[in-house]
Amino acid sequence: MVVTRIAPSPTGDPHVGTAYQALFNTVFARQNGGKFIVRIEDTDRARYNATSETRILDMLDWLGLTPDASPRHEDELGPYTQSLRADLHREHARRLLDAGHAYRAFDTSEELDARRKAAEERGESYRGYDRRDRDLPREESDRRAAAGEPFVLRLRVPLEGETVVRDRLRGDVRFDNRELDDKVLLKTDGFPTYHLAAMVDDHLMGVTHVIRAEEWLVSTPIHVLILRGLGWDEPEWIHTPWLLGPTGKKYSKRRGDPSVEDFRRMGVLPEALLNFLGMMGWSMPDGREIFGVQDMIEHFTWERVSLGGSTFDVTKLRWLNGKYLREVLTEEDVATRLHAFLTEQGVQVPLDDHFRAVVRLMVPRFEVFSEFWEKSTYFFTEDYAFNEKALKLLADGRDFLDDLRRALAEAPAFDQTTLEALLRGFADSAGLKPGKVMQPLRAAVAGTPESPGMFELLEVLGRERVLSRLDRAMSVASA
RNA sequence: GGCCCCAUCGUCUAACGGUUAGGACACUACCCUUUCAAGGUAGCGAUACGGGUUCGAAUCCCGUUGGGGUCACCA
């Protein structure tokens, strides 16, 4: 069975890159009837952030990429929290030590730093651990360890030959073993490093395909060597292309690129974000740009993955989100979800017919939920402000607004058709172009010259509100 | 700097030896029109460079350049 995983570390905000990896891991697993798991890699106690794990798991739920197994949904291969598996890691580290594939190194961090610095001062580029303790006799190593001297366990990489990483996307990538470092496997604190822990856990959890970001490619030979030392088969390696920020560097929250939570607060739909991520580095065979996770599951192939990094273009994401609002979701769905968003943001409006009517009018006029309220406030309060342009239009309409109010008050009905005939007739008899009448009217009832169409706007507002708004506007204008 | 990956419009991408190099976002113009949007039409705009291979290269090979990544007791 195909088993894929993501292995995020709980160090901060839920990362877009994590969502990106989750997408491809999910799609590939589902396509093969397999299993997608999330393992939280919390072995770095120094950078651990208590809320981060919950937020990462919440993000996945929000996106609809809920894993088959995770710290929230354990199964017999768990636990899915790396720190809880330290005994397992130590046990396998021991195996590596006994088999001669690893050795104890007693250098302190300070010594290492000093040597690194000295090398730099000599103008040499740092070449990795200098292997001082690589050939310490086992007896001495055992004795010093037993005496309580702190040590780390390091991988004994071959000094000659090469290690080949067979990558699904890039073919065979060859590494000269002389370029490899004797990486730390077990830290002084007894916790494993990523390299050991991930390989042990992946194997024990039955992971068949390691789909991860390109940054891991160069450490893969280390992983291959660990796997070989333990006598295990390699998974299939798949290193996906980069997600880039606006400056062309790797997308990163630290650099100021938005997190998934930022997009959520912006009012981006999860399906739009996923769709957008799906077209970063991949494309539908028929060129469609609007597609969902299910479409990806049906059509995904590695052959269609492009290897150049993709720049994350928020402008296009916004366009795509607007597209979902206008063409993919139903009106009712947009209303319901927008209402939930507003509630979450602390805006209290009833989810009623008026709200639905407003949403219907406004939907082509905003791309993300966060833009809605600011552009639609006047639909929900009689106390809306008049902006500068509106004030000017009100002045333009001073001569006829009073007559227009009377005409509106006497209109036989207040539906779009009636209103259109009435307004055009009014303009005609006043010898004005329709726009000259409608713009001041619009300014009066909306406080801005930018609004949905005049007739539908009036209908949605209703006669009572329109008349009282005109009263207020005229008093504001003459003040 | 060593090593590794990558390279089509500003951006996301299509093309898997033969196309006027296609589409989308953005931008510009026009249409629609009561404003703002949405929508429609058109325009602008790319195979980084140099060598090969081939009847024929965006496509295959080599080099150059450029960009990115990685060189932690972080993941």
Side-chain angles (χ1 to χ4, degrees), chain A residues 7-11 41-44 46-47 82 105 107-109 112-113 116 123-129 150-154 165 167 169-170 173-176 178-181 183-189 191-195 197-198 213-221 239 241-242 244 246 248-250 276 279-290 303-304 306-313 315-320 322 326-327 361-367 375 389 393 420 423-424 427 433-439 441-443 446 448-455 457:
Chain A
S9 52
T11 51
E41 311 244 318
D42 59 346
T43 46
D44 182 2
R47 295 203 307 158
Q82 195 155 68
D107 322 71
T108 64
S109 294
L112 256 19
D113 287 344
R116 204 181 342 252
E124 300 166 14
S125 62
Y126 178 64
R127 305 281 300 162
Y129 178 54
F151 63 88
V152 299
L153 205 67
R154 284 183 180 272
V165 173
D167 184 87
L169 259 15
R170 299 152 207 273
V173 182
R174 322 184 82 88
F175 294 87
D176 189 325
R178 280 170 299 200
E179 301 287 337
L180 269 26
D181 191 15
K183 287 286 183 223
V184 171
L185 264 21
L186 223 46
K187 297 178 253 183
T188 309
D189 63 9
F191 276 89
T193 58
Y194 171 85
H195 303 294
E214 186 187 327
E215 63 182 317
W216 297 108
L217 183 56
V218 290
S219 51
T220 307
H239 292 93
W242 286 111
L244 273 18
K249 304 249 197 279
K250 97 177 178 184
F276 183 72
M279 54 194 201
M280 304 290 279
W282 186 76
S283 60
M284 284 285 274
D286 62 3
R288 243 185 304 167
E289 288 207 282
I290 305 296
E303 285 62 39
R304 293 194 66 80
S306 56
L307 296 178
S310 311
T311 307
F312 194 104
D313 179 6
T315 303
K316 188 162 184 176
L317 202 215
R318 294 171 62 95
W319 164 80
L320 188 65
R326 279 174 258 121
E327 298 176 14
L361 259 37
M362 292 303 293
V363 104
R365 295 174 170 82
F366 63 93
E367 291 183 314
K375 294 184 173 184
K389 286 177 182 171
L393 286 165
E420 174 160 12
L423 284 173
R424 289 191 190 285
K433 286 164 89 174
K436 286 293 177 192
V437 171
M438 287 190 259
Q439 280 305 83
L441 211 211
R442 186 191 310 280
T448 165
E450 294 171 12
S451 88
M454 191 77 260
F455 319 121
L457 172 63

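The figures here come from the full heavy-atom set of this structure, side chains too, leaving out hydrogens, waters and symmetry mates. To find a chain, count down the sequence lines: A is the first, B the second, and so on, and within it residues start at 1.
Annotation: G2(B) and U11(B) have their C1' atoms spaced 33 Å apart (nearest Å). When the C1' atom is used for both A75(B) and C60(B), the distance is 38 Å, rounded to whole Å. Taking atom P in both A48(B) and C55(B), one finds a spacing of 25 Å when rounded to whole Å. Rounded to whole Å, the separation between the P atoms of G23(B) and A42(B) comes to 9 Å. As rounded to the nearest Å, A29(B) and G66(B) have P atoms that lie 38 Å from one another. Rounded to whole Å, the separation between the P atoms of C36(B) and A21(B) comes to 39 Å. Across the P atoms, G1(B) and G10(B) are found 27 Å apart, a figure rounded to whole Å.
As judged by a 4.0 angstrom heavy-atom cut-off over every strand, Arg288(A) is placed among residues making no nucleic acid contact. Among the protein residues, Phe276(A) comes within range of no part of the nucleic acid, since none of its heavy atoms lies under 4.0 Å from any strand. Backbone-only contact: Gly281(A) has heavy atoms under 4.0 Å from sugar-phosphate atoms and none from a base.
Residues Phe276(A) and Trp319(A) place their aromatic rings such that the two centres sit no closer than 6.0 Å.
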Legend entry - Reading 5' to 3' through nucleotides 35-50 of chain B, protein heavy-atom contacts under 4.0 Å coded B for base, S for sugar-phosphate only, - for none: BBBSS-----------
Inset, instruction - Using a 4.0 Å heavy-atom cut-off, write out nucleotides 64-75 of chain B from 5' to 3' as B (base contacted by protein), S (sugar-phosphate only) or - (no contact). - result: ----SBSSSBBB
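Ion pair Arg170(A)/Glu214(A) flagged as a salt bridge, since at least one NZ, NE, NH1 or NH2 atom sits closer than 4.0 Å to an Asp/Glu carboxylate oxygen. Looking at Glu289(A) and Lys316(A), a side-chain N of the basic residue comes within less than 4.0 Å of a carboxylate O on the acidic one, giving a salt bridge.
Residues Asp44(A) and Tyr194(A) bring no donor and acceptor atom of their side chains to less than 3.5 Å of each other.
Rounding to the nearest 0.5 angstrom, the gap separating the CD1 atom in Ile290(A) from the CD atom in Glu327(A) is 7.0 Å.
Applying the 4.0 Å criterion to OP1 and OP2 of A26(B), one finds that Thr315(A) has every side-chain N and O outside that range.
For A24(B), the base has a donor-acceptor partner in the side chain of Lys316(A) [N/O atoms by modelled type, under 3.5 angstrom].
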